[in-house]
Amino acid sequence: MAEYFRFFNSSEGDPREYTASEFAEYFSQFLSDGLYAQDGNAGLKVAAGTGLNVKVAPGYAFVRGYLYKNDATINIALDPADSMLNRIDRVVLRFDEVAREIKVSLKKGTFSSTPQPPAIEVTDTVKELTLAQVIINAGASSVTSITDERFKETCGLVEILASIPLNDFMNQWNEWFEGRQNETGGRVFGGDTEPAEMLAGDLWLKELS
């Protein structure tokens with residue numbers, strides 16, 4: 001059992017050094033994984049490029065306490081289409097703690113009459129955020145179908161995490177109720193309509209719809 005405290009400046013004879021993982025742990029306490037939105041628009045949108053190519057727009061993301069920034073369009077070349085079967089590729093943002101990097105990556109699908117997108121990887125050291133599915137139809141020479149996956153549960157937007165200690169809150173609320181009843185000698189009611197059994201001295205807390 002130990003206590004931890006961070007972050008403080010170093011001083012002579014008492015060096016304070018911190019790791020990237022400790023900073024990541026700190027930021028993860030109040031920010032969720034996902035994409036940042038700027039001016040109402042989420043970045044890293046995947047769009048069709050020339051021929052069998054797609055392009056990923058600039059943008060920011062946050063994954064497991066680490067920041068990702070793409071400041072220029074990324075062009076990705078896709079494998080050629082099959083003459084008879086279709087394929088679904090997937091564009092992801094891949095966090096790799098061991099490799100110490102976060103990069104846009106193409107996961108190549110398998111040719112099939114009923115193609116499925118490649119599975120995403122989520123482990124203790126790897127996490128992939130889905131950006132888009134790209135359908136490569138049989139005989140295609142260009143990309144005509146892209147499914148945006150940025151707003152699904154497998155990606156999403158960065159959110160501020162807020163945890164309410166509900167049990168403690170309710171205990172304090174009940175204590176306040178009891179104290180109020182003792183002060184007034186009346187009862188405390190809650191609800192969206194006034195209780196018919198209310199008497200003088202009772203307190204009604206109306207619920208707002």
Side-chain angles (χ1 to χ4, degrees), residues 20-21 23-28 30-161:
S21 62
F23 281 96
E25 179 187 10
Y26 166 73
F27 288 115
S28 294
F30 53 87
L31 292 175
S32 70
D33 292 353
L35 308 181
Y36 284 99
Q38 295 180 309
D39 300 323
N41 297 308
L44 305 181
K45 182 177 182 179
V46 179
T50 303
L52 284 176
N53 291 271
V54 293
K55 53 187 179 180
V56 183
Y60 287 83
F62 183 82
V63 190
R64 291 187 175 172
Y66 294 84
L67 177 71
Y68 170 82
K69 174 185 177 181
N70 170 33
D71 62 4
T73 299
I74 297 173
N75 294 295
I76 301 175
L78 308 177
D79 283 355
D82 186 69
S83 60
M84 299 181 62
L85 300 174
N86 300 333
R87 186 181 84 238
I88 300 178
D89 292 348
R90 206 166 205 163
V91 182
V92 302
L93 184 65
R94 180 182 173 85
F95 164 88
D96 189 327
E97 186 174 4
V98 176
R100 296 177 299 168
E101 64 183 23
I102 308 174
K103 290 186 175 181
V104 169
S105 177
L106 177 68
K107 298 177 75 75
K108 298 177 182 179
T110 303
F111 291 116
S112 172
S113 57
T114 55
Q116 299 297 319
I120 60 172
E121 184 177 357
V122 179
T123 68
D124 290 341
T125 59
V126 172
K127 183 171 184 178
E128 294 176 339
L129 302 183
T130 57
L131 299 180
Q133 293 183 23
V134 183
I135 299 177
I136 298 91
N137 293 315
S141 58
S142 62
V143 176
T144 58
S145 180
I146 296 177
T147 301
D148 192 347
E149 294 192 295
R150 294 175 300 161
F151 306 107
K152 293 188 175 182
E153 292 182 357
T154 48
C155 185
L157 300 178
V158 173
E159 297 180 354
I160 297 176
L161 302 176

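Here the structure is a predicted model, which means the values were calculated and not measured. Atom set for the values below is all heavy atoms of this structure, side chains included, hydrogens, waters and symmetry mates excluded.
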Just how far is it from atom [atom1] of [X] to atom [atom2] of [Y], taken to the nearest 0.5 Å?
{"X": "Asp96", "Y": "Lys127", "atom1": "CG", "atom2": "NZ", "value": "14.5 Å"}
{"X": "Asn70", "Y": "Leu93", "atom1": "CG", "atom2": "CG", "value": "9.0 Å"}
{"X": "Asn53", "Y": "Asn75", "atom1": "CG", "atom2": "CG", "value": "7.0 Å"}
{"X": "Ser145", "Y": "Asn137", "atom1": "OG", "atom2": "CG", "value": "7.0 Å"}
{"X": "Thr147", "Y": "Lys152", "atom1": "OG1", "atom2": "NZ", "value": "6.5 Å"}
{"X": "Thr114", "Y": "Ile88", "atom1": "OG1", "atom2": "CD1", "value": "9.0 Å"}

- prompt: Who passes ring pair (Phe, Tyr, Trp, His ring centres under 6.0 Å) against Phe95, sequence neighbours left out?
  reply: Tyr66

field: Under 3.5 Å donor-acceptor, Arg150 side chain and Val46 backbone
entry: no

- prompt: Is Glu128 salt-bridged to Arg90, going by a charged N under 4.0 Å from an acidic O?
  reply: no

Side chain to side chain, [X] and [Y], heavy atoms closer than 4.5 Å:
{"X": "Glu97", "Y": "Arg64", "result": "no"}
{"X": "Leu44", "Y": "Leu131", "result": "yes"}
{"X": "Asn86", "Y": "Ser113", "result": "no"}
{"X": "Thr154", "Y": "Leu129", "result": "no"}
{"X": "Phe111", "Y": "Asp79", "result": "no"}
{"X": "Val104", "Y": "Tyr68", "result": "yes"}
{"X": "Leu157", "Y": "Tyr36", "result": "no"}

Matching residue for Val134 among Thr144, Ile76, Leu52, Val91 - test: side chain to side chain contact (heavy atoms under 4.5 Å, CB included): Val91

task: Give the intermediate values and the outcome of side-chain contact (heavy atoms from CB on, under 4.5 Å) for residues Val98 and Thr125.
output: CA-CA 7 Å; Val98 176; Thr125 59; 4.1 Å; yes

For [X] versus [Y], what's the shortest heavy-atom pair and its separation?
{"X": "Ala119", "Y": "Lys107", "answer": "O-CE, 2.8 Å"}
{"X": "Gly139", "Y": "Ala81", "answer": "N-CB, 3.9 Å"}
{"X": "Ala77", "Y": "Leu106", "answer": "O-CD2, 4.0 Å"}
{"X": "Leu78", "Y": "Arg87", "answer": "CB-NH2, 4.3 Å"}

- request: Decide if atom CZ of Phe23 counts as having more than 12 heavy atoms of other residues, nucleotides or ligands within a radius under 6.0 Å.
  value: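 Enclosed: over 12 neighbouring heavy atoms sit under 6.0 Å from CZ of Phe23.
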
- prompt: Any chance CD of Glu159 has more than 12 other-residue heavy atoms, nucleotides or ligands included, within less than 6.0 Å?
  reply: no

